[in-house]
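Take a look at the structure set out below.
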Amino acid sequence: MKYKRNFVKDLLKSSKVDLDINVKGWVRTKRGNKQVAFVALNDGSTINNIQIVIDVANFNEELIRDITTGASLSVNGKLVKSMGKGQNIEILANEVEIYGTADPETYPLQKKGHTLEFLREIAHLRFRTNTFGAIFRIRHAMSFAIHKYFNDRNFYYLHTPIVTGSDAEGAGEMFRVTNLDMMNPPKTDEGKIDYSKDFFGKETNLTVSGQLEGELGATALSNIYTFGPTFRAENSNTPRHLAEFWMIEPEMAFYDIHDNMDLAEDFLKFLISYALENCKDDIEFLNKMYDKELIERLNFIVENKFERISYTEAIEVLEKAGQKFEFPVKWGYDLQSEHERYLVEKHYKKPVMVTDYPAIIKAFYMKQNDDGKTVRALDVLFPRIGEIIGGSQREEIYDKLKGKINEMGIPEEEMWWYLETRKFGTVPHSGFGLGFERFILFVTGMSNIRDVIPFPRTPKNAEF
RNA sequence: UCCUCAGUAGCUCAGUUGGUUAGAGCACCUGACUGUUAAUCAGGGGGUCGUAGGUUCAAGUCCUACCUGGGGAGCCA
């Protein structure tokens with residue numbers, strides 16, 4: 001007899017007892033005695049397991065023995081009210097089929113907890129733990145919510161290139177893309193590598209940001225966003241950096257810096273609310289196991305207005321802090337991690353948006369203020385993780401932008417297409433970038449970025 | 001890349017001023033138990049002490065280099 005496969009998530013919500021059903025999944029634990037065995041089965045649809053009750057007398061002894069932690073099963077049985085404590089319903093098994101056994105001597109996952117460091121070494125199996133199930137369900141929900149947020153507000157999802165011929169974005173070291181023979185590359189007369197012989201006929205790299213291309217879309221479609229992988233070849237060994245990470249970059253025509261801040265705040269609050277409503281079980285688990293203040297912190301973000309200050313005000317606050325900092329507080333120098341942490345965690349005790357940074361420490365494309373010293377940059381600082389968003393109003397005046405490009409020594413001939421958006425029908429516009437994994441760190445309460453992306457790419461590490 | 005801490009059983013760790021045969025908990029295996037909840041109870045097997053050198057009568061323990069991982073910093077998202 002073939003029953004319809006049900007997901008554990010739906011069965012646990014179901015009130016239809018005495019129904020014949022089928023479940024498939026992986027064994028988390030087995031307990032019991034000679035008469036009866038209890039199997040906790042998980043199929044990834046929820047963090048919760050369903051209990052399978054097996055009357056040992058009705059089953060082959062060998063089959064029962066092969067039901068071990070990690071084995072994959074298909075179970076036909078009857079959904080019934082549980083006779084034991086700890087769960088409302090359970091399944092009385094009629095038939096059990098084992099798809100694949102998991103030798104307990106060699107299967108690395110145990111019933112007991114593992115460290116996150118160990119699980120990182122078995123990233124191919126860590127999906128099967130409660131923790132990573134929760135994290136990647138939340139990651140999915142946040143991806144979905146991002147698309148929903150923008151789609152419902154007339155933003156278009158724009159696919160910017162992953163391979164880029166532009167190395168002027170200035171956001172960091174890039175990974176070269178080439179199919180030249182590295183043992184014997186073609187050379188020019190001067191003895192340099194001849195990239196005109198390369199696949200694209202020029203030097204190409206993996207993108208560090210889709211922003212510049214995003215601006216091209218925004219100056220026609222009004223509102224666009226990108227959501228894709230970006231790459232940085234920086235030798236950064238920290239719990240907050242990846243060589244391959246995902247970034248969300250909205251770009252909006254006719255937005256000034258204030259519109260930009262309004263959007264950033266509303267966007268972040270929407271996503272966190274969405275997580276609290278739709279990922280309740282997973283967030284509660286993470287709150288219990290990893291971060292006792294997680295839910296409290298998420299609610300706090302949703303309920304409170306972000307503080308908005310200028311860089312100059314931030315410097316004044318830090319100067320009056322009466323606290324010794326390792327790095328000096330001085331106008332013209334970038335805010336260090338310890339400064340950002342002081343502003344967010346000690347002084348304002350809430351997310352802080354800092355604007356109008358000194359021009360010399362920010363990128364060429366940012367809108368220049370009338371004071372001649374600052375630009376309309378925007379950083380959103382969050383507790384625990386620091387800078388979660390970086391953005392700005394963009395310089396839309398052709399001469400000013402061109403002047404800045406020359407001043408910073410960026411080859412103008414590579415930026416001709418970018419400059420033309422300011423030559424033809426230019427508009428004030430703004431945008432920002434949200435580091436997806438940093439945001440997921442915040443929502444899950446995890447502390448290492450390598451635990452919130454399925455396959456982390458970091459210096460000296462591209463296993464799996 | 002810099003600073004710092006660590007690497008001992010499948011996992012998490014203990015191992016004293018260098019000194020006999022390197023321990024524990026969990027996991028695993030065997031047995032007991034008529035409904036368990038990270039089940040419980042009894043017994044058992046399991047180790048190139050990260051790698052390579054060095055000091056010493058003697059090194060898990062001290063020294064050097066390297067590898068790997070954690071934390072902090074820089075770069076940033």
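Naming: A, B, ... by sequence-line order, numbering from 1 per chain. As the structure is a prediction and not an experimental result, all values here were calculated from the model.
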*Report yes or no: is there a donor-acceptor pair, N or O only, under 3.5 Å between the side chain of A/Ser236 and the base of B/rC76?*
no

*Under 4.0 Å between a side-chain N or O of A/Asn33 and OP1 or OP2 of B/rU36?*
no

*Classify the side chain of A/Glu234 versus the base of B/rU1 as yes if they form a donor-acceptor pair under 3.5 Å and no if they do not.*
no

*A/Arg31 side chain: which of B/rU36, B/rG71, B/rG69 is closest?*
B/rU36

*Return no unless some side-chain N or O of A/Thr115 is found under 4.0 Å from OP1 or OP2 of B/rU12.*
yes

*asked:* On the nucleotide B/rG35, are OP1 or OP2 found under 4.0 Å from the side-chain N or O atoms that A/Lys85 carries?
replied: no

_Under 4.0 Å from OP1 or OP2 of B/rG71: is there any side-chain N or O of A/Asn448 that close?_
yes

*Would you call A/Asp379-A/Lys362 a salt bridge at under 4.0 Å N-O?*
yes

*Side chains of A/Thr238 and A/His241: donor-acceptor distance under 3.5 Å anywhere?*
yes

*What is the pairing partner of B/rG47, taking Watson-Crick or G-U wobble pairs with both distances under 3.5 Å in any strand?*
none

*Report yes if at least one side-chain N or O of A/Ser337 is closer than 4.0 Å to OP1 or OP2 of B/rG74; otherwise report no.*
yes

*Nucleotide nearest A/His241 when distance is taken to its side chain, options B/rC76, B/rU12, B/rC33*: B/rC76

_Residue-phosphate contact under 4.0 Å: A/Arg65 side-chain N/O, B/rC28 OP1/OP2_ = no

*Is B/rC2 paired to anything, Watson-Crick or G-U wobble with both distances less than 3.5 Å, and if yes, which nucleotide?*
B/rG72

*Nearest nucleotide by nearest heavy atom, which residue falls closer to the 5' end of RNA chain B, A/Ser447 or A/Met247?*
A/Ser447

_Of the listed nucleotides (B/rG72, B/rG10, B/rC75), which one gets closest to any side-chain atom of A/Gln336?_
B/rC75

*Start at the 5' end of RNA chain B and walk down; is the nucleotide closest to A/Ala243 or to A/Gln51 reached first?*
A/Gln51

_I want to know whether A/His339 and A/Phe327 have ring centres closer than 6.0 Å._
no

*Do the side chain of A/Glu265 and the main chain of A/Phe306 share a donor and acceptor less than 3.5 angstrom apart?*
yes

*Is it true that A/Lys330 and A/Glu319 have a side-chain N and a carboxylate O under 4.0 angstrom from each other?*
no

*Ring stacking, A/Phe436 with base of B/rA77, under 5.5 Å and under 30°?*
no

*Assigned partner base of B/rC33, Watson-Crick or wobble definition, under 3.5 Å*: none

*With the side chain of A/Phe327 defined as its heavy atoms from C-beta on, choose the nearest nucleotide among B/rA77, B/rA73, B/rA27.*
B/rA73

*Distance test, side-chain N/O of A/Arg450 to OP1/OP2 of B/rG69, below 4.0 Å*: no

_Regarding A/Arg438 and A/Glu387, does a basic nitrogen lie under 4.0 Å from an acidic carboxylate oxygen?_
no

*Check the distance between B/rC76's P and A/Met174's CE and give it to me in whole angstrom.*
15 Å

*Mark yes or no for a side-chain to base donor-acceptor pair under 3.5 Å between A/Glu90 and B/rG35, with no hydrogen or angle criteria applied.*
yes

*Assigned partner base of B/rU64, Watson-Crick or wobble definition, under 3.5 Å*: B/rA52

*Which nucleotide in the list B/rA27, B/rA32, B/rG35 gets nearest to the side chain of A/Met83?*
B/rG35

*Determine whether any donor atom in the side chain of A/Asn237 lies under 3.5 Å from an acceptor atom in the base of B/rU1, or the reverse, and answer yes or no.*
yes

*Please state whether the base of B/rU36 and the side chain of A/Gln87 form at least one donor-acceptor pair under 3.5 Å?*
yes

*Quick one: does A/Glu105 reach the base of B/rG10 with a side-chain donor-acceptor pair under 3.5 Å?*
no

